[in-house]
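Encoded as structure tokens, the structure appears first; notes follow it.
If you read the sequence from its start, that first residue is 1, and numbering goes on from there. Whatever order the structure lists ligands and atoms in, that order sets their numbers, starting from 1.
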Amino acid sequence: MSRVLRTLPEVEELLPLSPEEKEAFNRVSPIYPFSSTEYYLKLAEKSPAVRKMVLPSLEEIDETIQSAGEDDPLNEERDSKVPKLTHRYPDRVLLITTNYCPVLCRYCMRKRNWRKPIFTISESEVEGALSYIRSNPQVRDVLISGGDPLTLPLELLERILLELKKISHVEVVRIGTRIPVVDPERVLKEELLSLIEKAEKVWVNTHFNHPDEITPEAKEAVKALLKSGAPVNNQTVLLKGVNDSVETLEKLFRNLQRIKVRPYYLFHCDPVKGVMHFSTPITKGLEILKELFKRLSPLAIPYYAVDGPGGYGKVPLLPHRFRVEKGRYLFESFNGRWFEMEDR
Ligand SMILES: *Cc1c(COP(=O)(O)O)cnc(C)c1O
């Protein structure tokens, strides 16, 4: 396990900061704390994009920039059925197992929770969530999220996964984690890998945002997960100054596919207070996507999705243009030529 660093002196032992970065660290971290693994902080030395994702910046507390944001735009705290469980879509539920992450990503949509005490889901909450799932046969997909569920004590993760294995209508169990990116070594633990194999239904959703994060260590972690039988999909967030360009995303998605990770979602950045400086217009996101469709197979292109403020859920967006005229569909193809088809 990579050491977790929280203070300025700890950071400066590994990564010399500029005077501006130091000032930002000192002024921002009392409001939005800093945390990183040693491994991920070392990546920041060579990667300006990683540096931006991990080091505090004064923009986080700039009132003019942040005033348009909300603490919880998606109303996550309201849609909860039983404690720690959210059931928004008919066939799938979201289970929050902890709020702990070893790396605090500066663009985090749950920044509002950073100064709350660290929790791990309790025995009775696990029991409550499991009995809700047992008595709701329409639930076929359980998302285990957090915080980062791969930081849970292994016995707890084991209990959750093996109980879900026994519920026959649960066909898919997804673990949402950034550990392969921020502490890949931790994934290589034999006990964890054999648990994933034994639990049978597990899919892993990773969270790579930039090609610089796909290191030899991260590749090893992904390879081990695939070997344990878990399909690996990736969720990216569109972030200004980090990955909001065709070249960066093309490279990210190609390199993910090369290591057999399927790009699943490219999330539009939610309007969260403290994160607004990472926001890219939807129009720009669609332009980037349109260009990607000219260059890549859809097998390497994620759904670009907005998450409706207020808990409406996710809407995937496609850049393709078409219109309907007198019972005929007119489509624009990848190279800009139009063709038509009758609607029959
Ligand atoms: C994102 C999300 C899911 C999973 O949605 P998919 O589109 O299937 O990945 C489930 N429940 C909630 C509350 C979510 O926010």
Side-chain angles (χ1 to χ4, degrees), residues 69-99 101 105 107-113 121 125-126 128-130 132-150 160-161 164 167 169-178 180-181 201-209 225 230-239 253 256 261-272 275 282 285 289 298-318:
E70 285 179 57
D71 280 332
D72 181 16
L74 305 184
N75 273 323
E76 292 184 309
E77 326 238 305
R78 212 188 44 194
D79 274 359
S80 191
K81 293 287 169 187
V82 295
K84 305 290 181 288
L85 194 81
T86 304
H87 191 179
R88 182 174 295 157
Y89 305 99
D91 70 329
R92 49 216 195 270
V93 292
L94 174 69
L95 181 65
I96 300 290
T97 52
T98 174
N99 63 347
C101 284
C105 307
Y107 57 84
C108 177
M109 64 184 286
R110 304 201 176 108
K111 230 166 170 170
R112 65 180 183 277
N113 291 337
I121 190 168
E125 287 168 337
V126 170
L130 287 169
Y132 180 88
I133 295 166
R134 282 189 202 103
S135 53
N136 283 274
Q138 75 274 29
V139 175
R140 61 174 294 276
D141 185 349
V142 178
L143 280 75
I144 300 177
S145 185
D148 203 308
L150 289 193
I160 297 170
L161 294 182
L164 289 173
I167 305 174
H169 60 265
V170 172
E171 295 161 354
V172 173
V173 175
R174 289 191 245 174
I175 297 178
T177 177
R178 194 155 149 81
V181 183
K201 300 170 184 177
V202 175
W203 291 51
V204 171
N205 270 358
T206 58
H207 177 30
F208 290 93
N209 282 324
L225 289 168
V232 182
N233 286 261
N234 188 70
Q235 306 193 157
T236 301
V237 186
L238 182 62
L239 298 168
F253 299 148
L256 284 172
V261 174
R262 171 87 196 250
Y264 172 44
Y265 270 131
L266 170 64
F267 285 120
H268 185 68
C269 193
D270 294 318
V272 173
V275 180
I282 296 172
L289 203 65
L299 207 48
I301 302 180
Y303 290 105
Y304 178 42
V306 296
D307 213 337
Y312 287 93
K314 301 176 184 74
V315 178
L317 304 173
L318 282 172

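For Arg174, the closest heavy-atom approach to ligand 1 falls below 4.0 Å.
Annotation: Asp307 places no N or O atom under 3.5 Å from an N or O atom of ligand 1; distance criterion only. Checked against a 3.5 angstrom limit, the closest N/O atoms of Tyr89 and ligand 1 fall outside it. Here's the thing with Thr86: none of its N/O atoms is less than 3.5 angstrom from an N/O atom of ligand 1.
In this model, no donor atom of one side chain and acceptor atom of the other lie less than 3.5 Å apart for Tyr89 and Asp141.
Neither the backbone nor the side chain of Val93 has any atom closer than 4.0 Å to an atom of ligand 1 (non-hydrogen atoms only).
Electrostatic pairing of Asp148 and Arg178 does not count as a salt bridge here, judged by no charged N lying under 4.0 Å from a carboxylate O.
Between Tyr265 and Tyr303, the two ring planes are tilted [angle within 30° to 60°].
Near Tyr264, meaning under 4.0 Å from one of its heavy atoms, ligand 1 places the atoms 6 (P), 7 (O), 8 (O), 9 (O). Residue-ligand proximity, Lys314 to ligand 1, at heavy-atom distances under 4.0 Å covers atoms 1 (C), 2 (C), 3 (C), 4 (C), 5 (O), 14 (C), 15 (O).
Here the CG atom belonging to Leu94 is positioned 7.5 Å from the CG atom belonging to Leu85, to the nearest 0.5 angstrom. For the atom pair Ser145 OG and Asn205 CG, the distance stands at 9.5 Å (nearest 0.5 Å). Leu164 CG to Glu171 CD: the interatomic distance, rounded to the nearest 0.5 Å, is 13.0 Å.
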